[in-house]
Amino acid sequence: MTTFTHESYLSPLTWRYGSEAMRKIWSETEKRKLMRRVWVALAEAQYEAGLVTSAQVADLRSRQDHINIPRAEEIEREIHHDLMAEIRTYAEQCPVGGPIIHLGATSMDVLDNVDALRLRTALDQIIDRLKRTLATIAARIEAEAETPAIAFTHIQPAEPTTVGYRFAQYGQDLLADLSELQYVRSDIRGKGLKGAVGTSASYGQLLSDSEFSPRHLEERVMQKLDLTAFEAATQTYPRKQDWLVVNALAGLCASLHKFAFDLRILQSPPFGEWSEPFGPRQVGSSAMPFKRNPIAAENIDSLTRQVAALPRIAWDNSALNLLERTLDDSANRRLYLPEAFLLTDEVLIRSQRLFEGVTIWPGPTARNLRDYGVFAATERLLMEAVKAGGDRQHLHELIREQSLVAWQALQNGEPNPLVDNLITDPRITALVPAEQAHSLLSATDYVGDAPQRARNIAAAIHANVG
């Protein structure tokens, strides 16, 4: 029996990343249980067609979950065919039913239906986690819908926004991801029972004396598996399906990558507005005891970068699966399909914690709004001064000049003098009284309809996730 310890290489996905529930879906034991489920369903349908006996079916069903991987590995070392090794292991356990296991089938009649079942179950878990994450985001949106903060374009201070509206951007993207994942999940199909090149010829020969047609046999098996079959398939189901699935996972990871990247920027002390949770005994750096590195956000960005690379492999498998089948997709599918799901699973787990625990620091948020929001608020002052009869071009140049002076002061580490300079400039106060100008230059309420739009996104999330 193959055994694994930390004395030899283990994938981090074996123990470090992803949940136990997702690891179980992609485990070798679960795969073999599903293979036997397909064989039992096939035998049951063949019994209905009069090809096998009820005793044979009952024997197979009674040993369906008795997986013996050590014995299968022993046989595989001799015959070098993993599916046939499992068939022989199963047959040894079933003296009555063993002779009819896999009757009429080719390997991919079993394996591709197994993979479709695993894709569907794994997508269900991802969708469920994503819904919980969205519900958390909706709560953060509602709590921060009107909290003003300076927005940044080109990573430079721009106009004010609200914290809730920023969260709404993430929620909106993730809603789109949810829709795509649900669509892909709803269209998951198996190969069905179509034989070596997809023509069902072997089943036609087997059923030549039966009232069952190959299509009827396929339909009965797929009903028992609660799985729809592709109408047309070759030796495998179309590998386009794998690309659609992994691409949807990569799309979800793109949204979470952006959130984590934004958090990393906002946690940097010059911004200082957000920070991820940091435990009382957590160590930020082996060299610098004071460090509070955004390691969770960095981990998310690292793992999502890996997921982003996987659709390329799936694309190649789809585009280069020549004629009725080549085997150059087989080995990499054992790697990238579970990898895509386990990494996405881990990213969702970590993102959920961040959305729940991210701290919005009021001090730095207000400081940045105070120092930089006034530049955007000059637009309001300009509009009011023009309405009072001022020359728009002259006023624009005046505010530009004063803004340059204020930027220089900030660069020198001094307080922003822009408000004082403008409300004492006679060219301004001749048009707008100083008190009114001071009020206009406050950016705290210069957020347009961002609060309502944020709440609209929260409502859309509630409508989609319950």
Open item on the list: Tell me whether D445 is salt-bridged to R380, with the criterion being a basic N under 4.0 Å from an acidic carboxylate O.
Closed with: yes
Open item on the list: Taking the six-membered ring for Trp, are Y372 and F152 closer than 6.0 Å centroid to centroid?
Closed with: no
Task: Pairs flagged by salt bridge (charged side-chain N to carboxylate O under 4.0 Å, His left out) wherever residues 5-21 is involved - sequence neighbours left out - done: E20-R23
TODO: Inspect the contact between D109 and K191 and indicate whether a charged nitrogen and a carboxylate oxygen are less than 4.0 angstrom apart.
DONE: yes
Task: Residues forming a side-chain contact (heavy atoms from CB on, under 4.5 Å) with E218, sequence neighbours excluded - done: L193, K194, M222, A229
Task: Exercise: do D345 and Y17 side chains pair donor with acceptor under 3.5 Å - done: no
TODO: For residues P148 and T444, report the shortest heavy-atom separation together with the two atoms involved.
DONE: CB-O, 3.4 Å
Task: Under 3.5 Å donor-acceptor, R140 side chain and F355 backbone - done: yes
Task: Gap separating the CD atom of Q169 from the CZ atom of R453, nearest 0.5 angstrom - done: 10.5 Å
- [ ] Quick one: closest heavy-atom pair of P270 and R367, and the distance?
- [x] O-NH2, 3.5 Å
TODO: Count the heavy atoms of every other residue, nucleotide or ligand shown that sit under 6.0 Å from CZ of F261, and state whether that count exceeds 12.
DONE: no
Task: NZ/NE/NH1/NH2 to OD/OE distance under 4.0 Å, D115 and R118 - done: yes
Task: Presence of salt bridge, K240 and D242, under 4.0 angstrom - done: no
- [ ] With L130 as reference, evaluate L181, L175, T344 under the side chain to side chain contact (heavy atoms under 4.5 Å, CB included) test and give the passing residue.
- [x] L181
Open item on the list: Ignoring hydrogens, what is the shortest heavy-atom contact between H80 and R77? Give both atom names and the distance.
Closed with: CE1-O, 3.4 Å
Open item on the list: Pairing donors with acceptors under 3.5 angstrom, does anything connect the side chains of E142 and H462?
Closed with: yes
Task: Over 12 non-hydrogen atoms of neighbours within 6.0 angstrom of CD in E435 - done: no
Open item on the list: Once rounded to the nearest 0.5 Å, what's the spacing between atom CD1 of I300 and atom CG of L303?
Closed with: 8.0 Å
Task: Criterion side chain to side chain contact (heavy atoms under 4.5 Å, CB included) on L256 and L174, from CA distance to verdict - done: CA-CA 8 Å; L256 295 172; L174 291 170; 3.9 Å; yes
Open item on the list: Between D82 and R334, does any side-chain N to carboxylate O distance fall below 4.0 Å?
Closed with: yes
Open item on the list: What's the separation between atom CD in E144 and atom OG1 in T365, rounded to the nearest 0.5 Å?
Closed with: 8.5 Å
Open item on the list: With a 6.0 Å cut-off on the ring centroids, do W274 and F167 count as close?
Closed with: yes
Task: Electrostatic pair E30-K24, nearest N-O below 4.0 angstrom - done: no
TODO: Using a cut-off of 6.0 Å, state whether more than 12 heavy atoms not belonging to R370 lie near its atom CZ.
DONE: yes
Open item on the list: If you apply the rule side chain to side chain contact (heavy atoms under 4.5 Å, CB included), what do you find for V465 with L178, and how did you get there?
Closed with: CA-CA 9 Å; V465 305; L178 176 63; 4.0 Å; yes
TODO: Say whether, by atom type as modelled, one donor and one acceptor occur between the side chain of E324 and the main chain of Q235 under 3.5 angstrom.
DONE: no
Task: Check: M22 main-chain N/O paired with S19 side-chain donor or acceptor under 3.5 Å - done: yes
Task: Shortest non-hydrogen contact from D371 toward L410 - done: O-CD1, 3.9 Å
TODO: Working to the nearest 0.5 Å, report the span between CG of D425 and CG of L398.
DONE: 4.5 Å
- [ ] Report yes or no: does N321 contribute a side-chain atom to a donor-acceptor pair with the main-chain N or O of T326 at less than 3.5 Å?
- [x] yes
Open item on the list: I'd like to know if the side chain of T162 and the backbone of A145 have a donor-acceptor N/O pair within less than 3.5 Å.
Closed with: yes
Task: Over all atoms of both residues, closest heavy-atom pair of H81 and S107 - done: CE1-OG, 3.5 Å
- [ ] Would you sort out whether Q452 and N456 count as a side-chain hydrogen bond (donor to acceptor under 3.5 Å, both in side chains), showing the intermediate values?
- [x] CA-CA 6 Å; Q452 185 55 52; N456 290 345; 2.9 Å; yes
Task: Stacked cation flag R239 on Y237, 6.0 angstrom / 45 deg - done: yes
Open item on the list: Can you tell me how far apart CG (L322) and CG (L327) are? Round to the nearest 0.5 Å.
Closed with: 12.0 Å
Task: Pair Q352-E356, side-chain donor/acceptor within less than 3.5 Å - done: yes
TODO: Take T424 and T429 through the test side chain to side chain contact (heavy atoms under 4.5 Å, CB included) and record every step on the way to the result.
DONE: CA-CA 7 Å; T424 59; T429 56; over 6 Å; no
Open item on the list: One thing to verify: whether R185 and D124 come together as a salt bridge, which I'm taking to mean a side-chain N less than 4.0 angstrom from a carboxylate O.
Closed with: yes
Task: Residue among D329, D328, T236, N332 satisfying side-chain hydrogen bond (donor to acceptor under 3.5 Å, both in side chains) with N317 - done: N332
TODO: Nearest 0.5 Å please: distance from the OG atom of S11 over to the CG atom of L342.
DONE: 8.0 Å
- [ ] Decide yes or no for E401 and V405: does some side-chain heavy atom of the first lie under 4.5 Å from some side-chain heavy atom of the second?
- [x] no
Open item on the list: Working note: V374 + L422, criterion side chain to side chain contact (heavy atoms under 4.5 Å, CB included); need CA distance, chi angles, decisive distance, verdict.
Closed with: CA-CA 11 Å; V374 61; L422 288 174; 5.8 Å; no
- [ ] For the pair S318 (side chain) and A314 (backbone), establish whether a donor and an acceptor sit closer than 3.5 Å, ignoring hydrogens and angles.
- [x] no
- [ ] Check the pair E379 / Y446 against side-chain hydrogen bond (donor to acceptor under 3.5 Å, both in side chains), numbers first and verdict last.
- [x] CA-CA 10 Å; E379 184 178 40; Y446 194 52; 2.4 Å; yes
Open item on the list: As a test of understanding, state which of I25, V246, V245 forms a side chain to side chain contact (heavy atoms under 4.5 Å, CB included) with F341.
Closed with: V245
Task: Any donor-acceptor pair under 3.5 Å from N412 side chain to Q408 backbone - done: yes
TODO: Please check if the side chain of R427 supplies one atom and the backbone of L395 the other of a donor-acceptor pair under 3.5 Å.
DONE: no
TODO: Evaluate the criterion side-chain hydrogen bond (donor to acceptor under 3.5 Å, both in side chains) for residue pair E273 and N368; output intermediate values, then yes/no.
DONE: CA-CA 8 Å; E273 297 185 14; N368 290 337; 2.8 Å; yes
Open item on the list: Minimum heavy-atom separation for A296 and E276, please, with both atom names.
Closed with: N-OE2, 2.9 Å
Task: Side-chain ion pair, K31 and E86, N-O less than 4.0 Å - done: no
- [ ] May I ask you to decide if G195's main-chain N or O and T106's side chain share a donor-acceptor pair within less than 3.5 Å?
- [x] no
TODO: Indicate whether any N or O donor in one side chain lies under 3.5 Å from an N or O acceptor in the other, for E159 and T153.
DONE: no
Task: Qualifying side chain to side chain donor-acceptor pair (under 3.5 Å) pairs with a residue from residues 299-313, counting only residues at least two apart or across chains - done: H257-D301, H257-T304, R264-D301, N299-R350, Q306-E339, R312-D316
Task: Check: Q436 main-chain N/O paired with S439 side-chain donor or acceptor under 3.5 Å - done: no
